[in-house]
**Student:** 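For reference, the structure I am asking about is given below.
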Amino acid sequence: MQNDDSLKWERYILDLVYDGESEYAVEHTDSPDFKLTRNEYTFGVEITELFKDGSSARLVKLPDYMQRLWDGERPIHKDDVKGINVVTIRITDPDGNLVQDNVKAIFSEVGSLRDHADALAEHIEKKNAAYQGYDHSVGHTDLLVGDHFSSGESIGETYSTAEFFTPRLREALRVSPFREVMLITNLLYDNAAWVPLRQLELMESFMVFVWCIYQSEEALALVEEEDVVHLFAEVMEVCGTPVTLRSENGFEFAARGNSSVAYTPKSGTIVHEYGDFPVDDIEVVERRHIDLPKEVRSFIHDEYQRAREGGAGFETEYIRKVRDAVWPFETGKGAQTFTATAVEPETSHEGGA
């Protein structure tokens with residue numbers, strides 16, 4: 001049984017993405033945490049939160065815990081003795097002039113972006129495994145992750161998928177039974193935003209695949225525009241992470257989860273999002289064999305495999321601002337009091353994903 005604070009946290013995170021006041025009828029349930037209904041179609045949303053460790057979770061979730069530590073109280077858990085460093089700092093401006101002195105603060109090593117991504121992957125893997133026990137009477141279920149892992153720095157406005165997507169995170173997203181996995185990054189900061197991770201991973205896989213076709217002049221001469229999604233589906237099946245092919249308005253897309261992709265030389269990669277609407281009435285088409293010389297087909301497959309193993313990605317500014325959700329706690333309770341100064345760890349992983 002959840003306590004009232006847990007329910008408030010879940011609803012607050014839900015409201016950062018979904019408009020439960022005017023667009024959806026919202027019902028709190030269990031496994032998944034919410035059922036949302038719009039136009040007589042009901043889907044589920046499972047809420048979860050990602051923390052770097054138990055100390056970080058206690059700082060956010062326990063009322064006034066940080067203030068109590070600042071006031072000199074002992075940590076309530078043995079891990080917090082090393083995990084939470086209470087210090088006094090001086091704040092200066094860029095010119096070195098003192099702005100504020102004797103400021104109580106907590107220093108915390110944020111870890112690398114790779115640490116963050118692998119922790120997220122492990123979290124998604126656990127939720128993927130738990131999915132079998134969820135209520136499957138709903139049309140589909142999304143996973144919404146509130147991210148507390150970092151101290152205001154993770155996915156920024158501009159970022160590289162090659163740096164954020166580790167092999168483990170890519171795999172967790174590709175095989176996930178959730179229609180979409182949404183990450184609210186920098187959850188309790190002014191730059192909070194969210195990213196549809198399964199859509200982003202599909203976009204990355206497809207764009208890297210198209211890039212591989214462009215590495216062969218013979219492939220470019222032989223592959224027709226409408227062939228691209230079928231060749232992509234072929235390679236995804238070989239890789240063990242198949243996509244569905246759908247036909248919409250006479251155009252064929254490769255789909256996984258809540259999104260589909262296609263390509264035209266004129267428009268580049270086209271991304272179609274289904275926006276939590278039902279997809280059962282969309283025509284599904286069979287993958288057709290594309291007749292290519294053996295060496296061209298092998299080149300595309302091998303080039304894509306090398307790109308995958310090398311962690312190829314793309315630079316993007318793909319984030320979405322969160323909604324203005326109402327903070328559910330009284331002033332001074334919960335994460336409204338959370339401020340921290342983060343420092344880079346002494347050693348960190350180098351290179352991209």
**Student:** Go through the structure and list residues passing side-chain hydrogen bond (donor to acceptor under 3.5 Å, both in side chains) with Asp324, not counting sequence neighbours.
**Tutor:**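 Expected list: none.
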**Student:** Quick check: do Arg308 and Tyr304 have side-chain heavy atoms less than 4.5 Å from each other?
**Tutor:**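 With C-beta onward as the side chain, the pair touches.
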**Student:** Within a 6.0 Å radius of atom CG on Asp93, are there more than 12 heavy atoms belonging to other residues, nucleotides or ligands?
**Tutor:**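 More than 12 within 6.0 Å, yes.
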**Student:** Say whether Trp9 and Val26 are linked into one hydrophobic cluster, either directly or through other cluster members, by side-chain heavy-atom distances under 4.5 angstrom.
**Tutor:**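 Yes, Trp9 and Val26 fall within the same hydrophobic cluster.
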**Student:** Nearest heavy-atom pair of Val229 and Ala262: which atoms, and what distance?
**Tutor:**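 The pair with the smallest heavy-atom distance is CG1-CA, 3.9 Å.
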**Student:** Please evaluate residues His123 and Glu49 with respect to the criterion side chain to side chain donor-acceptor pair (under 3.5 Å), reporting the C-alpha separation (whole Å), side-chain torsions for both, the decisive distance (0.1 Å), and the verdict.
**Tutor:** CA-CA 9 Å; His123 208 62; Glu49 294 174 84; over 6 Å; no
**Student:** Can you name the residues that form a salt bridge (charged side-chain N to carboxylate O under 4.0 Å, His left out) with Glu180, not counting sequence neighbours?
**Tutor:**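 Checked Glu180 against salt bridge (charged side-chain N to carboxylate O under 4.0 Å, His left out); zero matches.
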**Student:** Hey, what do you get for CD (Glu226) to OG1 (Thr264), rounding to the nearest 0.5 Å?
**Tutor:**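 One gets 11.5 Å once the value is rounded to the nearest 0.5 Å.
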**Student:** Any link between Val284 and Leu231 through a network of hydrophobic side chains (Ile, Leu, Val, Met, Phe, Trp, Tyr) touching at under 4.5 Å?
**Tutor:**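 No, separate clusters.
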**Student:** Any heavy-atom pair between the side chains of Val145 and Trp194 that's under 4.5 Å?
**Tutor:**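 No, every pair of side-chain atoms sits at 4.5 Å or beyond.
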**Student:** Parallel, tilted or perpendicular: which fits the ring planes of Phe178 and Tyr131, with parallel below 30° and perpendicular above 60°?
**Tutor:**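 Aromatic pair Phe178/Tyr131 classed perpendicular.
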**Student:** Do other residues, nucleotides or ligands put more than 12 heavy atoms under 6.0 Å from the CG atom of Asp95?
**Tutor:**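 It does: Asp95 CG has more than 12 such atoms within range.
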**Student:** With a 4.5 Å heavy-atom cut-off, do Leu16 and Leu187 have their side chains touching?
**Tutor:**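 Side-chain contact under 4.5 Å: yes.
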**Student:** Which value, rounded to the nearest 0.5 Å, describes the distance between Leu200 atom CG and Ile319 atom CD1?
**Tutor:**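 The CG atom of Leu200 sits 11.5 Å away from the CD1 atom of Ile319.
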**Student:** Check Arg11 with Asp15, please: is the shortest side-chain N to carboxylate O separation under 4.0 Å?
**Tutor:**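 Yes, charged N to carboxylate O under 4.0 Å.
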**Student:** For a 4.5 angstrom cut-off between non-hydrogen side-chain atoms, does Ser205 reach Glu201?
**Tutor:**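 When only atoms from C-beta onward are counted, Glu201 and Ser205 do touch, with a gap below 4.5 Å.
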**Student:** If you group Ile, Leu, Val, Met, Phe, Trp and Tyr whenever their side-chain heavy atoms sit less than 4.5 Å apart, what else falls in with Val279?
**Tutor:**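 Same cluster as Val279: Tyr274, Ile282.
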**Student:** Examine distances only and state if a side-chain atom of Thr161 and a backbone atom of Phe314 form a donor-acceptor pair shorter than 3.5 Å.
**Tutor:**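 Yes, because the side chain of Thr161 sits within donor-acceptor range (under 3.5 Å) of the backbone of Phe314.
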**Student:** Can you tell me which residue pairs pass the salt bridge (Lys or Arg N to Asp or Glu O under 4.0 Å) test with a partner in residues 17-27, sequence neighbours excluded?
**Tutor:**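 Counting only pairs at least two positions apart or across chains, the salt bridge (Lys or Arg N to Asp or Glu O under 4.0 Å) contacts touching residues 17-27 are Asp19-Arg323, Glu23-Arg38.
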**Student:** Tell me whether Arg198 contacts the main-chain N or O of Leu173 through its side chain, where contact means a donor paired with an acceptor under 3.5 Å.
**Tutor:**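 Such a contact is found between Arg198 side chain and Leu173 backbone.
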**Student:** Indicate yes or no: at least one non-hydrogen side-chain atom of Leu197 is less than 4.5 angstrom from one of Phe164.
**Tutor:**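 SC-SC contact between Leu197 and Phe164 confirmed.
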**Student:** When the ring centroid of Tyr41 is compared with that of Tyr24, is the distance short of 6.0 Å?
**Tutor:**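 Ring-ring flag for Tyr41/Tyr24: false, centres at least 6.0 Å apart.
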**Student:** Of all the heavy-atom pairs spanning Cys239 and Gln305, show the shortest one and how long it is.
**Tutor:**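 So the two residues come closest at SG-OE1, 4.0 Å.
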**Student:** Show, in sequence, the C-alpha distance, side-chain angles and deciding distance for Ile184 and Ile13, and conclude whether the side chain to side chain contact (heavy atoms under 4.5 Å, CB included) test is met.
**Tutor:** CA-CA 8 Å; Ile184 304 180; Ile13 292 172; 3.9 Å; yes
**Student:** Would you indicate whether the side-chain heavy atoms of Leu245 and His230 approach each other to under 4.5 Å?
**Tutor:**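 Of all side-chain heavy-atom pairs linking Leu245 with His230, at least one is under 4.5 Å.
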**Student:** Answer yes when Glu163 and Arg114 have at least one side-chain N-carboxylate O distance shorter than 4.0 Å, and no when they do not.
**Tutor:**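 Looking at Arg114 together with Glu163, the answer is no, because their closest N to O distance does not fall below 4.0 Å.
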**Student:** Classify the angle between the aromatic ring planes of Phe206 and Phe232 as parallel (below 30°), tilted (30 to 60°) or perpendicular (above 60°).
**Tutor:**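 Answer is perpendicular, since the angle exceeds 60°.
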**Student:** Is there side-chain contact between Ser176 and Leu143, with at least one heavy-atom pair below 4.5 Å?
**Tutor:**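 Ser176 does not reach Leu143 side chain to side chain.
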**Student:** What closest approach, in Å, do Glu204 and Ala312 show between heavy atoms, and which atom pair accounts for it?
**Tutor:**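 Heavy atoms only, the tightest pair is OE2-O, 3.4 Å.
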**Student:** Show your reasoning for whether side chain to side chain donor-acceptor pair (under 3.5 Å) applies to Tyr134 and Asp33.
**Tutor:** CA-CA 10 Å; Tyr134 288 8; Asp33 294 311; over 6 Å; no
**Student:** Going by salt bridge (Lys or Arg N to Asp or Glu O under 4.0 Å), name the pairs with one or both residues in residues 262-284, residues two or more places apart or in two chains.
**Tutor:**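 Every pair satisfying salt bridge (Lys or Arg N to Asp or Glu O under 4.0 Å) with a residue in residues 262-284: Glu273-Arg320.
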**Student:** Starting at CD of Glu295, measure out to OG of Ser298 and round the result to the nearest 0.5 Å.
**Tutor:**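 So the CD of Glu295 and the OG of Ser298 are separated by 8.0 Å.
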**Student:** Could you tell me the separation between the CG atom of Leu183 and the CG atom of Leu144, rounded to the nearest 0.5 Å?
**Tutor:**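 It comes to 9.0 Å.
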**Student:** Just by distance, with hydrogens left out, do Asn258 and His140 show a side-chain donor and acceptor under 3.5 Å apart?
**Tutor:**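 No donor-acceptor contact under 3.5 Å links the two side chains.
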**Student:** Hey, are the side chains of Gln132 and Pro177 touching, using non-hydrogen atoms and a 4.5 Å cut-off?
**Tutor:**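 They are not in contact (no side-chain heavy atoms under 4.5 Å apart), so the answer is no.
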**Student:** Assigning hydrophobic clusters by single linkage (Ile, Leu, Val, Met, Phe, Trp, Tyr; side-chain heavy-atom cutoff under 4.5 Å), is Ile47 placed with Leu188?
**Tutor:**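 Same cluster.
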**Student:** Grab the two heavy atoms, one from Ser31 and one from Glu46, that are nearest each other, plus how far apart they are.
**Tutor:**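 Heavy atoms of Ser31 and Glu46 come nearest at CA-OE1, 4.2 Å.
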**Student:** If only side-chain N and O atoms count, and only distance matters, is there a donor-acceptor pair under 3.5 Å linking His301 with Glu234?
**Tutor:**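 Their side chains do contain a donor-acceptor pair, which is all the 3.5 Å distance test asks for.
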**Student:** Regarding Arg288 and Glu252, does a basic nitrogen lie under 4.0 Å from an acidic carboxylate oxygen?
**Tutor:**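 Here Arg288 pairs with Glu252 in a salt bridge, since their nearest N and O are under 4.0 Å apart.
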**Student:** Other than Ile270, which residues form its hydrophobic cluster under the rule that side-chain heavy atoms must be closer than 4.5 Å?
**Tutor:**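 Traced through the cluster, Ile270 reaches Phe251, Phe253.
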**Student:** I'd like to know if the side chain of Thr37 and the backbone of Glu40 have a donor-acceptor N/O pair within less than 3.5 Å.
**Tutor:**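 It does not hold such a pair.
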**Student:** Are Leu292 and Val238 connected, step by step, through hydrophobic side chains (Ile, Leu, Val, Met, Phe, Trp, Tyr) whose heavy atoms are closer than 4.5 Å?
**Tutor:**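 Looking at the clustering, Val238 is in a separate group from Leu292.
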**Student:** Kindly compute the distance separating OG1 (Thr48) from CD1 (Ile124), expressed to the nearest 0.5 Å.
**Tutor:**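 Nearest 0.5 Å value for the OG1-CD1 distance: 9.5 Å.
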**Student:** So, for Phe209 and Val228, which heavy atoms are closest and what is the spacing to 0.1 Å?
**Tutor:**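 For Phe209 and Val228, the tightest heavy-atom pair comes out as CE2-O, 3.8 Å.
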**Student:** Under a 3.5 Å distance rule, please check whether Arg256 uses its side chain to pair with a backbone N or O of Thr241 as donor and acceptor.
**Tutor:**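 Yes, the answer is positive, given that a donor and an acceptor are paired below the 3.5 Å cut-off.
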**Student:** Regarding Ser6 and Glu10, do their side chains bring together a donor and an acceptor under 3.5 Å, going by distance alone?
**Tutor:**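 No, because no side-chain N or O of Ser6 sits under 3.5 Å from a partner of the opposite role on Glu10.
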**Student:** List the atom of Val138, the atom of Phe43, and the distance in Å for their closest heavy-atom pair.
**Tutor:**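 Looking at all heavy atoms of both residues, the shortest contact is CB-CA, 3.9 Å.
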**Student:** Rounded to the nearest 0.5 Å, how far apart are OG1 of Thr166 and CG of Asp115?
**Tutor:**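 Spacing of OG1 (Thr166) from CG (Asp115) equals 10.0 Å.
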**Student:** Is there a chain of hydrophobic side chains (I, L, V, M, F, W, Y, each step under 4.5 Å between heavy atoms) that links Val261 to Tyr214?
**Tutor:**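 Yes, Val261 and Tyr214 fall within the same hydrophobic cluster.
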**Student:** Should the pair Arg306-Glu303 be classified as a salt bridge under the 4.0 Å nitrogen-to-oxygen rule?
**Tutor:**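 Result for this pair is yes, salt bridge flagged.
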